[in-house]
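A quick note: this is a predicted structure, and the numbers were derived from the prediction, not measured. Naming: A, B, ... by sequence-line order, numbering from 1 per chain.
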Amino acid sequence: MNPTMSEETTQQTKDTTTTSNPNQSTTNSPQNDPQIRPRLPSRPSITSTPLSPLTLGTARSLRMAAPTTKTSFENAGKQPTRYSGFLDNNSMYSSMGLNGQSNHDNSDMFTIRTTPTLTIYPAGEDGNYNDAESTFTDRLEQMISRTNSDHNQKQAEDLFDDLHNPVIKDAKVFLILSDAGKLIYAKSSTDDEDQEDEDRYIGYVGLIQTVINSFQLDGSNFKSLIAGSTRLVVMNEAPIILVAVSKLNESEQDLTNQLDLLHSFLLSTLSKPQIIRSFQNKHGFDLRKHLGRADLSGLDALSNSLINFDIGVLVGALQSIRLRKTIRSKLNQVLLNNKNKDILYGLLVAPGGKLISIMRPKRHTLHTTDLQVLFSLVFNQFKDKKNNFDEDEELWMPVCLSKFNANGFLYSFVKFVGNFALVLIAANKNSFFEMRETAQNILKDMITKDLLAPLQEAIRRPITTLEIQVPLVYHFVFKSKKNLQYIVPNLPNEGNVKNLQKYYVKLQSSIDRTSKISITYLKWDSPIKSSSFPPSNSMTPSSSRPPTRSQSTISLSATLNNMNNSDIQDPNSISGLAWSTPNYELLVISSSSGGVKKEDLVTSARAIVNWCRKYEERLFVHNGATF
Amino acid sequence: MAIKKKTLLKVIILGDSGVGKTSLMQQFVNGKFSHQYKATIGADFLTKELTIDDKTVTMQIWDTAGQERFQSLGVAFYRGADCCVLVYDVTNQKSFDNISSWKDEFLIQANVKDPENFPFVIIGNKVDVDESKKIVTQKKAQQYAVNLGNLPIFQTSAKEAINIDQAFDVIARNALQQEENEEFNGDFDDAININLESENQGCAC
């Protein structure tokens, strides 16, 4: 018996079951529980305290203000008592400019002390540096929010011209760098064939590293900044630093979660000790030397899915596949009957990382982030060029599931069957042949018990808003907090969920995490571009849809017409509802001319909740097969 | 194993205020010289791609401020550098005398594992000036470089673009050599020791 394991797994259980929502919960911090030693945080927990709308432009004036903005610094040790109030609100969010103020006696707030300053070649010719304190913010501002000042540059025959520093104009960027300021990975939302992201961003990383370190020298942590519509969030996992830049109105928490997922992915191939060791002998180590083609394409796939909007990451849950209860229990039985002694976890997963079934030890569950990383690995790294999965192929790969244990590897056997994957996870790296045999037996049993066909059918058959009879609802996300799983209906006419990102991001962040029940109604009055919503006539039921009751069709077609017309003549306005209780979280988006009233949307939302609760056992994997 | 990527070289430029660190970098990267003196505040970053033999490298040049008041950026800056360039002004004796303290400062701050073999390159800048103004002679400087550990030394002019490419070629080669040594050679054999059987006694269901 390994005592370490017991501690780790107890914590895991807490992460995924006791904590109803690891995204926002701050109550289960390891420090509160003497049984559990501190370990990697389940997910960085920053409360939903609204961030101060601090922009770089106003940072200078804020510097003079009394310390009442929502700003705090993480160095509890060095905190003067007068700042204790900031720590309480847990908005661990460091703003520019105020830094100097908190650490020095603010006798002269206009003089920058030493650290938060970087070279600026001002556009003006006089080279006046009396205003040196502004240079830091100016430079960052230039870096982030300057978009089309080409004409200004031409005028200035200045060194500034030649800096050639690309300006971040991408809607979204992920950067991974070492704390020596060397770029490890870059991915932006722009697909520029002429210039790779790495080349475009290589000039930034030194600056970013310096900014981060300047704050560290002052004993604080630089977490995030907002410049206009751009938010930059930093996750310091020294010796690795991860940075997200987004113009998509995502919250700091959203971006932190995304960085956490990227970091977990990096750990999944390298593990924490490997990374630490790599930099131990040499600070300037180039971590890319450890990243193979598969690792980079995996990072690309994951970054792209985050850039293209991943609902699962937004709500911190896995999507589940709807299955009849009898099928579920048969599947569980098949898994359990074939369990061998080396298996830690067994998973059936549909493309897109949708959970079908899980076999696990009674007291251990896997963290959502670990599963998201694992599923991303399984589906993105091992498909061929035609996006097909080879049924003859069997994979045996070491994976570090960092929330489970960042210090070592587990071993995964992966086999594709039709359109889903069977994943068996073992701790013993020599158990490939046992795992293969088990997998073969599981598949054999599934065939014997006629489980393959219903499974394939379930994967193909989406949930639709028609069967729930909520015609006002365009799309929704229902998350079961207990199971940490969510469902979404299919989008009409192959619509792209990316178009809903703006609304879901806003709805999700509108939830008041401090109260048990939170209902928010939002309405977007500004008409959206016609391209951002697919034509609504696509709501015509597709052939694979299960039969719906006819009574719903009348009201439905009325709405459809309504939506159709308004699509052409007068763009629909969007309304949304975010509804959170201790058991579930529901985000609803509705589109119609004039908008949908709150009461009507609440009625629809209630119908969805009732439906989801009624079919709960069909929609979600409950305990899975436990042993 | 890993795919071929352009090697990243981190190069730090140090030296007293006004010796021409920024000008050297600008001349090297952009082929330009500005007569105006603008003090560097904190640091500046420029990158340049080079081919050394058949290897493409990206040189990431960290230009630091010579002024004392910015020195606290130290550790953050120096960490993980692959080469350190020490610059003095041939018309300024003090800047020359300070070369060795800049070197020491770097070694302390950067926490270099093998200080004996860490690559430094010395540059005496502003050789375009009148002979009468030159205070630090080439001979004196060369002897000094030998004493400091046989460091390569170059007499350059950022203004006239004298010797710049030669100096940076040596800088890049030395940096590349530094970057390539001390390769990591640990194994990836950290299996997690798990014994489920003993942990779940009596849980057969």
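Shown here for A:H283 and B:N111, the closest heavy-atom pair between the two residues is NE2-ND2, 4.4 Å. Shortest non-hydrogen contact noted between B:W62 and A:T210 is CZ3-OG1, 3.8 Å. Here the closest heavy-atom approach between residue A:D286 and residue B:L8 is recorded as OD2-N, 4.2 Å. Nearest heavy-atom pair, B:G80 versus A:A180, reported as atom, atom and distance to 0.1 Å: CA-CB, 3.8 Å.
Ion pairing between a basic and an acidic side chain is recognised when a charged N comes within 4.0 Å of a carboxylate O; B:E180 and A:K289 show no such pairing.
A 6.0 Å sphere centred on CD of B:Q177 holds no more than 12 heavy atoms belonging to other residues, nucleotides or ligands.
Put simply, the residue from A:I208, A:V205, A:L207 that forms a side chain to side chain contact (heavy atoms under 4.5 Å, CB included) with B:F45 is A:L207.
For A:K182 (side chain) and B:A81 (main-chain N/O), no donor-acceptor pair under 3.5 Å exists by modelled atom type. Of the possible donor and acceptor atoms, none in the side chain of A:E198 sits under 3.5 Å from a partner among the backbone N and O of B:K6. For the pair B:R79 (side chain) and A:G284 (backbone), a donor-acceptor distance under 3.5 Å is absent.
The salt bridge (charged side-chain N to carboxylate O under 4.0 Å, His left out) analysis of residues 163-176 of chain B, with sequence neighbours excluded, yields the pairs B:D53-B:R173, B:D169-B:R173.
Residues that satisfy the side-chain contact (heavy atoms from CB on, under 4.5 Å) test with B:K48, not counting sequence neighbours, are B:F28, B:V29, B:L50.
Heavy atoms closer than 4.5 Å to chain B are found in both the backbone and the side chain of A:L183.
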Problem set entry | Worked verdict on B:K113 versus A:Q280 for side chain to side chain contact (heavy atoms under 4.5 Å, CB included) | CA-CA 10 Å; B:K113 288 266 153 41; A:Q280 222 157 36; 5.8 Å; no
